[in-house]
Engineer: 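Mind looking over this structure? Questions follow.
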Amino acid sequence: MNLRFVSRLLWCGLLLMLVTSLFGKNYLEESDADREARMAWWKEARFGMFIHWGVYAVQGGTYKGDQVDGIGEWIMHRAAIPVDEYEQYAEMFNPVFFDADEWVKVAADAGMKYIVITSKHHDGFALWDSKVSDWDVMDASPFKRDILRELADACKKYGVRLCFYHSIMDWHHPDAQAAFYPTYNDREASNPRFPLYVENYMKPQLKELLTEYGDLGILWFDGEWMKDYATDMGKDIYNYVRGLQPDIIINNRVDKGRQGMQGLDKEGDFVGDYGTPEQEIPDVGLPGVDWESCMTMNRTWGWKSADLDWKTDEVLIRNLIDVVSKGGNYLLNVGPTPEGVIPHPSVERLRAMGDWLKVNAESIYGSSASPFEKPDWGRFTLKPGALYAHVFEWPENGKLVLPRMGNGTGYKRIQILATGEELEFGAVEDEIMVSLPKSAPDSIATVLRLTY
Ligand code: JFZ
């Protein structure tokens, strides 16, 4: 063997090692410290906006004049609309009032720190100009504006993190459809071409999302329950996404570990950075488990004109507090109209939440669960140096009994967070008693800061 050949061989080997170390990195092996650093912004943020928007907004829950039961974004399945007919609705998707700046401002004013928008829902329609598809806003609708690009710019302006929801299940792509019309969501049905869809369509689309819109906060996968999607694909996708954006956070629906609506992973070897309870809040916090409850403000995710069943400001604000008191995040949904407008009832409620948060921010952002059980009158959140008592039910006798923090009463001072007003308190047996003003300063939730 001549020397030149040997040296060439060595160089090739070196190059190969370099390539595999660059591209073959296993993101499942991460130190606790690295993981904590990656999750830090998300734990600080606590409150985000979910946005379900796509062609289904055009139907708005109605098909051929009839109200269709169920969540709006499932109408293709619920009303059994054939693919070619569904495609015609995209020709009516022309949200001329869409203003990314206004949307992100609504989120920022509400105190939301990130938005998660449906880059693609189960109907497969892409809200950006995908190079591997004509089933997108640019090629299939008259709107022809890259919705994700405009949102990315607005997010930068307002300091809100941009995140994408992405459906693995795809009712439109022929290689992904397991069950065909009239049912798109048969959990037992199978398509032998599904791996081709993952390699030739899903991954290229993810690559576009991960390389063309700057740093993303989260990739929020969904539709992982379909039969052809396997746990090894989930692990591969997880690594693929982190390989393109190492610091991104990925929800647990990237793999097959999620248990129903409760959303946390079952025992086993599953990837995903956090659990995704849907339309519910866990009863108690779960130490060491990260989770985010996603919820609607009415009953649907995607716009339904007839759904007027709005939650009250009180329910929404208390839900946010309840979630944070158990160590989770709250991802609250809006379903914009086909004209591109966030429904007014949603905007009003978000404004009320923002008003509450402006005064009480300290008790929410970066706060987490306390060691105390949830009291009947409200909730606790905790930060190093302060316990926050969120009083929902104001005591009629003006006395609130609270747990001690360590020796003595454990607290240096107790104040009403919104005003700074100092409250008198003293030890009573194992607990402490605080004297409150006669009536609640905030009937939804008055926060007391207990400095310790
Ligand atoms: C999923 C989507 O199907 C829905 O459209 C919405 O995007 C929501 C946030 O996520 O909802 C689900 C997911 C799983 C089940 C039910 C609804 N499930 O397993 O019963």
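Whatever order the structure lists ligands and atoms in, that order sets their numbers, starting from 1.
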Engineer: Once side chain to side chain contact (heavy atoms under 4.5 Å, CB included) is applied, do any residues pair with Arg149, and if so which ones, sequence neighbours excluded?
Structural biologist: Asp146, Asp153, Glu212, Tyr213

Engineer: When you check the gap from the basic side-chain N to the acidic O, do Asp309 and Arg299 get nearer than 4.0 Å?
Structural biologist: yes

Engineer: List for me each residue that meets side chain to side chain donor-acceptor pair (under 3.5 Å) alongside Arg145, sequence neighbours excluded, and say none if there are none.
Structural biologist: Glu150

Engineer: If the condition is side chain to side chain contact (heavy atoms under 4.5 Å, CB included), which residues does Asp283 pass it with, not counting sequence neighbours?
Structural biologist: Lys374

Engineer: Anything with a heavy atom under 4.0 Å from ligand 1 counts, so go ahead and list those protein residues by chain and number.
Structural biologist: Phe50, His52, Ile71, Glu73, Trp74, His121, His122, Tyr165, Arg187, Asp222, Trp225, Arg253, Arg258, Met261, Glu278, Trp301

Engineer: What residue among Phe143, Trp303, Phe93 forms ring pair (Phe, Tyr, Trp, His ring centres under 6.0 Å) with Trp53?
Structural biologist: Phe93

Engineer: Just say parallel, tilted or perpendicular for the rings of His390 and Tyr388, cut-offs at 30° and 60°.
Structural biologist: tilted

